[in-house]
Amino acid sequence: MVVSRVSVAQDNDLCKEVSSAQIAAANPDAEQADYCDDTDHTFDIRGECRTNENAYKSINKAIQKWEISKRGEVVATIAWMLYESDGWKNNIQHYPRYDPQVATRAMFSKEVVKDYAWDVRRDSYTYILTTVLSGQMPLSTAHEEIVRLVIEDEWSFGAGFWYLAKKAPEYHNQDGKLRSGSQDDFVNYMQFGVKANLTGSLDARLK
């Protein structure tokens, strides 16, 4: 079960950072040096895959930036991004159908990608809009440029933590929400906080 591999949390347990060992326990395959070589070769998805070493610093930076200090919240967020990115393999959506407008390790929808980019890369986002309005960039390519703003490692691995702090405040620092680090906590957050459509493949990943 992804959640139990990420951490075993006690109620209201504090977590100011995660260790490389905890990330390794959550996603052991990505400890291998050839992890991304195998992924690129097998799935022909080149350049998106990352190892745990790539993820580790960006995740801890996001924990600090968005002040996610409760262990259960950290557990749920990492588990969510691990699931959506298929263990750090994907940075845009390839399954069940290819959609480059769905992006980050949390697989944000087009609308949430725009909200996220506006919040964390506002100057660059504004430049893209200005370029479109001046006729120098087709509107059809503007979202591709916006996606590029948030798929760099720092922002992509930070996406789930931003979402918790900004889009799901009812789960952030709230008594009785995301406190136990359990599967039930995670599923509740996915259903009612993230509003994800829980599929059979997710159920299988959690078991």
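With contacts defined as side-chain heavy-atom distances shorter than 4.5 Å, the pair Val120/Glu154 does not qualify. Here the side chains of Leu164 and Leu178 are in contact, with some heavy-atom distance below 4.5 Å. At a threshold of 4.5 Å between non-hydrogen side-chain atoms, the residues Asp115 and Asp119 do not count as touching. Counting heavy atoms from C-beta on, the side chains of Trp88 and Met81 come closer than 4.5 Å.
Ring centroids of Phe161 and Trp80 are separated by 6.0 Å or more, keeping the two rings apart.
When only modelled atom types and interatomic distance are considered, Thr51 and Asn54 share a side-chain donor-acceptor pair under 3.5 Å. Asn188 and Tyr171 are linked by a side-chain donor-acceptor pair at a separation below 3.5 angstrom, with hydrogens and angles left out of the test.
With respect to Lys114 and Glu111, no salt bridge is recorded, no charged nitrogen being found less than 4.0 Å from a carboxylate O. A salt bridge does not link Lys177 with Glu170: every distance from a Lys NZ or Arg NE/NH1/NH2 to an Asp or Glu carboxylate oxygen is 4.0 Å or more. In summary, Glu17 and Lys57 do not engage in a salt bridge, as defined by a charged side-chain N under 4.0 Å from a carboxylate O.
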Show the numbers, then the answer: is there a ring-ring contact (aromatic ring centres under 6.0 Å, His included) between Trp66 and Tyr163? CA-CA 9 Å; Trp66 302 111; Tyr163 187 94; over 10 Å; no
Determine whether Lys61 and Ser58 satisfy the following criterion, side chain to side chain contact (heavy atoms under 4.5 Å, CB included), listing intermediate values before the conclusion. CA-CA 5 Å; Lys61 186 172 183 178; Ser58 295; 5.6 Å; no
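Heavy-atom minimum distance, Gly193 versus Ala168: O-CB, 4.4 Å.
Atom CG of Asp34 is surrounded by more than 12 heavy atoms from other residues, nucleotides or ligands within 6.0 Å.
Under a 3.5 Å cut-off, the side chain of Arg105 and the backbone N or O of Ala159 do not form any donor-acceptor pair. Of the possible polar contacts, none joining the Asp99 side chain to the Gln93 backbone as a donor-acceptor pair under 3.5 Å is found. Glu48 places a side-chain N or O within 3.5 Å of a backbone atom of Asn91 that can act as its donor or acceptor partner. With hydrogens and angles ignored, the 3.5 Å screen pairs no side-chain donor or acceptor of Thr104 with any backbone N or O of Ile151.
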